[in-house]
Each structure stands twice: as C-alpha cells, then as structure tokens.
Amino acid sequence: MTTSDTVIAAYGRQPVRAFHIPRVAATLCCFVVLLAPALWNRYPLLQYDTGGYLARWYEGYLVPSRSTVFGLFLHVGEGLHFWPELVLQTGCAIWIISLVLRVAGLGAAPWHRTLVVAGLALVTALPVLSSTLLTDIFAGLGVLSLHLLIFHRSVFARLERIGLFVLIAFAAATHSATLAVLLAVLALAVPVLLLSDLRPLHALLPAGGAIATGAAMLLAANLALSGHLAWTPGGFGIAFGRMLQDGVVKRYLDDHCPTARLKLCPYRNELPATADDFLWSNGVFNELGRFSGLGEEMRFIVLHSLQEYPLQQIETAVAASTRQLRLVATGRGTHDQIWHTYGIIERYIPGEVPAMHNARQQRGELNFDPINRVHVPIALGSMILALALLVQAAISGRFDETGRLAATVTVAILANAVVCGVLSGPHDRYGARIAWIATFIAAIAILRAIGKLVPNAKGKGAWRKLAPSPKLGAMENQI
C-alpha cells in the first residue's frame with residue numbers, strides 16, 4: 001500500500017462527528033438538490049416499468065424483469081405518496097457519496113460534500129434517478145458500495161460495514177442486470193487487489209456474501225409472494241426481443257418455417273421492427289399469449305439461433321454493446337404516456353390517483369431535451385476519462401484510490417453495456433443509470449489533482465491534502 005492510501009485509510013477511520021447545525025444544514029441541502037425533480041413535480045417521477053413493480057404485491061405472481069423485492073420496497077410508501085422511498089434512496093446516495101469522498105481524502109467538511117452533490121445534480125442524471133420510483137438508482141450505488149466493501153472494508157465502523165453489505169444485497173435483488181454488473185466488478189477486482197498488494201480472498205468474501213444474500217432475498221420474496229421458489233422470469237423473452245430487433249429471429253423463422261411448426265411462423269413477415277413494439281404493444285405477442293403463451297417458443301428460438309448463427313450473434317452482440325455505451329440520455333421513458341403504470345395505480349392504489357394526476361409529469365410539462373444537451377457530452381467525456389485513468393494506472397502498475405475507482409467504474413460501465421445491450425437491447429435508460437458514477441470519479445480525480453498542486457491550501461473553501469504521518473505505517477497491512 002502507498003503512503004497516500006495509508007493516509008486515506010486513516011482518514012476513513014475518523015469517528016463520526018457530533019450532531020451540529022452546519023452538518024445538518026449541508027445534508028438537507030443535499031436532499032433538496034437531489035430531490036429537486038420530484039419536488040418540482042409535486043410527486044415522485046413515474047416510469048413505464050414502475051407499475052409492474054407496484055403490482056407485485058397485489059397480483060401475487062411473477063412477471064419478467066420485475067423484482068418482487070423492489071415491489072415490496074415500493075409498497076411500504078403507499079399512502080404517503082411514496083416519499084419515504086425517495087427519501088431513503090436519496091439518503092443512500094448521499095451516504096455513499098460521503099463514504100467515497102472520505103476514502104478519497106476529500107471529505108474534510110460537510111460543505112465539501114454538498115458542493116460535490118450539487119455539481120452532480122447539475123450535470124448528471126443522479127437527481128432524476130433519486131426522484132424516480134424505479135430500481136435504476138441502485139445500479140450505481142451498488143457498484144460504489146461494492147468498491148468500498150472490497151477495497152476499504154477495514155477503515156469503516158461496524159455499522160457502516162453492515163450498511164454497505166445490506167445496500168449491496170438490496171441492489172443485487174432489485175434487478176438481474178444489476179446483479180450481473182456487481183458480479184463482473186467482483187470478478188475483475190482480483191487483479192486490482194493483487195496489484196494493490198491487498199489480500200483478494202479476505203477482501204472478496206464479504207462482498208461476495210452480500211451479492212449472494214441479494215440473490216437469496218429475491219428467491220425468498222418470490223416464494224413469499226407467488227408460492228414458487230424461482231428466479232424472476234423473462235430472461236429468454238427479453239433476449240428474444242433484442243434478437244428480433246437485430247434480424248436474427250426473422251432469419252431463423254425464414255430458415256425453419258413452416259416445418260418447425262412454430263406459432264410465430266404465420267406471422268414472420270408481420271413482426272414489428274423493434275423489441276419494444278413486439279413486447280409492449282398490442283399485436284402478435286398479445287394474440288399468442290404473451291410470455292405464458294410464447295415463453296417456451298422464444299426460449300427455443302434463442303437457444304437454437306445461438307447454435308446456428310454464432311457469427312451473426314457475435315456481430316450483433318458487439319454492435320449492441322457498443323451502441324449501449326453511447327446511449328446515456330436522461331429521462332427516457334419518463335413522460336405522460338405511461339398508461340400501464342397509471343392503470344396499476346388506479347386499480348390497486350386509488351388513494352394515490354389525485355396526487356398522481358396533479359403532478360406536472362402527468363400534465364406533459366416534463367422536457368429532458370435541454371438537460372441532455374449538458375448531460376450526454378459530460379457523461380461520455382467522463383467515461384472516456386475513467387478509461388484513461390484506468391489505462392494510466394495499469395501502465396504504471398500503481399493502483400492508488402483514483403486508479404481503483406477508475407477500474408471499478410470502467411468495468412461496471414462495460415459490464416452494464418454488455419448485459420443490457422446484448423440481452424435487453426440498447427436503451428438510454430440503461431446507460432444513464434450508471435454513467436453518473438463516471439462523472440463522480442472524474443470529479444474526484446480532478447479534485448485530487450488540484451490537491452496535489454496546492455498541498456498547502458488553507459481556508460474554509462479549500463480541499464486540503466492530509467500530510468503523511470509516520471505513525472500510520474502500522475495500518476498498511478490492515479487493508
């Protein structure tokens with residue numbers, strides 16, 4: 001471990017300061033800026049998928065890509081217009097940002113954190129994610145929590161370690177794609193740990209346990225609500241949609257119909273051009289029984305097309321992943337035409353209907369285009385900078401905290417692009433939910449670089465660099 005990392009570790013061990021007005025005021029400011037979209041809207045932001053999660057408690061059966069764990073989480077806030085959920089997920093975001101700043105040596109005062117949060121609120125999707133009733137906020141938070149538990153577990157207090165463990169588990173249980181991203185970060189942390197002279201097994205066991213706990217939570221919730229010990233369904237159906245969009249399904253049907261006796265054979269020249277049109281609009285998918293009626297056939301076509309057209313599958317997978325990396329616009333799917341979510345709330349939670357319809361979103365006042373003129377170039381630039389920081393650390397063979405953060409973020413973004421792009425199909429929402437952590441890491445790298453250039457800076461507004469102390473050398477082997 002380097003001397004600077006030892007200093008960071010020591011800084012991370014500092015006890016939580018006593019309650020005082022500046023700290024509370026700074027925290028409240030963080031809540032306000034991250035919840036600004038919901039406060040402006042007068043109601044949590046809703047998305048097309050929100051209704052599917054809300055319905056899990058009431059319908060009592062499993063549906064594709066709708067976590068029962070997150071459905072239970074949303075159910076707790078009914079009757080209070082779901083503000084408890086927003087406060088809790090925003091509080092998690094503020095807490096994780098604070099911990100990352102602490103281990104990076106940038107958390108000297110509460111207003112430092114507030115400035116960082118305010119900056120992220122201006123140039124990233126984080127406030128929209130915090131203000132929306134959707135699983136997306138937990139993708140980035142899960143990645144950062146996993147990083148902290150892997151690389152800095154020993155510098156945190158016991159309650160902080162427990163909190164990180166629980167947050168990782170919950171994030172893993174909210175969405176299968178998030179679980180896959182966390183597993184990728186866990187696997188690729190091994191070489192970084194070795195290059196950082198840290199013990200891989202000692203560092204990875206708690207993190208792996210947290211992810212496994214999340215999987216167990218999902219299975220338990222599925223059993224409790226549906227009576228079936230099963231994973232959330234829909235994997236093959238969602239992958240089928242992406243293959244349909246890329247022309248693989250049409251090729252398979254043309255090669256094998258009508259001898260294959262598939263239900264889709266009579267419709268092979270009428271299939272929609274996109275996965276969204278096929279899966280979520282009225283048409284042939286509904287006529288043939290949706291997932292229950294076509295589930296086995298979609299699974300059959302997915303598996304056999306993988307065997308018969310491997311080169312096309314590789315080409316389309318690479319193209320989908322590459323395209324997903326470029327799609328990072330904020331607010332996609334958050335508009336006033338989300339009829340499924342409206343229907344679920346009107347049917348099962350009628351007490352929410354007046355407040356929902358009084359929101360600005362439902363009046364068509366949301367417009368993310370001006371926001372994305374700022375968000376998209378900053379997100380793409382931040383991702384490139386994170387990759388550059390990783391390359392620099394790999395070439396030098398020295399993974400300090402900036403290098404480790406860059407490695408975690410880069411792996412998470414690439415894994416997210418592969419998982420979401422290849423299996424679900426490229427979509428801005430999948431990129432926006434995780435691109436903000438690249439901007440966060442870019443800000444940390446810039447602030448640490450400034451701290452090295454002005455190591456003796458003083459004053460309330462300065463990011464002061466902690467001076468190495470020989471007394472801290474004994475801590476090097478504790479991390």
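Keep in mind the model is a prediction, meaning the values are calculated, not measured. Residue indices begin at 1 and follow the sequence shown.
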For a 4.5 angstrom cut-off between non-hydrogen side-chain atoms, does [X] reach [Y]?
X: H228; Y: N222; value: no
X: V155; Y: R102; value: no
X: F291; Y: P233; value: no
X: F151; Y: V192; value: yes
X: I434; Y: V143; value: yes
X: T334; Y: L366; value: yes
X: T213; Y: I168; value: no
X: Q361; Y: I338; value: yes

Sidechain-backbone polar pair: [X] side chain, [Y] backbone, donor-acceptor under 3.5 Å:
X: T178; Y: A139; answer: no
X: R56; Y: Y61; answer: yes
X: T322; Y: V318; answer: yes
X: T114; Y: A26; answer: yes
X: E401; Y: A104; answer: no
X: Q47; Y: D49; answer: yes
X: N372; Y: A329; answer: no
X: S424; Y: G421; answer: no
X: R66; Y: A55; answer: no
X: H375; Y: T124; answer: yes

Ring geometry between F73 and F138 (parallel below 30°, tilted from 30 to 60°, perpendicular above 60°): perpendicular
Parallel, tilted or perpendicular: ring planes of F170 versus F70, cut at 30 and 60 degrees: tilted
So, taking the atom named [atom1] in [X] and the one named [atom2] in [Y], what distance separates them when rounded to the nearest 0.5 Å?
X: Q392; Y: R398; atom1: CD; atom2: CZ; value: 9.5 Å
X: L74; Y: S67; atom1: CG; atom2: OG; value: 9.5 Å
X: L115; Y: L120; atom1: CG; atom2: CG; value: 11.0 Å
X: L133; Y: L86; atom1: CG; atom2: CG; value: 5.5 Å
X: H175; Y: L134; atom1: NE2; atom2: CG; value: 8.0 Å
X: L204; Y: L193; atom1: CG; atom2: CG; value: 5.5 Å

Atom of [X], atom of [Y] and distance for their closest heavy-atom approach:
X: A386; Y: A406; value: O-CB, 3.5 Å
X: Y43; Y: A359; value: CB-CB, 3.6 Å
X: A221; Y: T68; value: CB-OG1, 3.2 Å
X: Q89; Y: L129; value: NE2-O, 3.5 Å
X: T330; Y: A125; value: OG1-CB, 3.4 Å
X: L122; Y: V374; value: O-CG1, 4.4 Å

Cation-pi geometry met for R404 and F399 (6.0 Å, 45°): no
Quick one about [Y] and [X] (side-chain donor to acceptor, distance below 3.5 Å, no hydrogens or angles considered), yes or no?
X: R113; Y: S98; answer: yes
X: H81; Y: E352; answer: yes
X: T439; Y: S382; answer: yes

Side chain to side chain contact (heavy atoms under 4.5 Å, CB included) between L164 and W95, worked out: CA-CA 10 Å; L164 289 171; W95 178 56; 4.0 Å; yes
Other residues, nucleotides, ligands: >12 heavy atoms within 6.0 Å of R347 CZ: no
Heavy atoms of other groups near L159 CG, more than 12 under 6.0 Å: no
Pair T132-I137, side chain to side chain contact (heavy atoms under 4.5 Å, CB included): steps then yes or no: CA-CA 8 Å; T132 305; I137 180 66; over 6 Å; no
Check against side chain to side chain contact (heavy atoms under 4.5 Å, CB included), M383 and T410: CA-CA 7 Å; M383 289 159 56; T410 301; over 6 Å; no
Check against side chain to side chain contact (heavy atoms under 4.5 Å, CB included), L144 and T408: CA-CA 8 Å; L144 294 177; T408 297; 5.8 Å; no
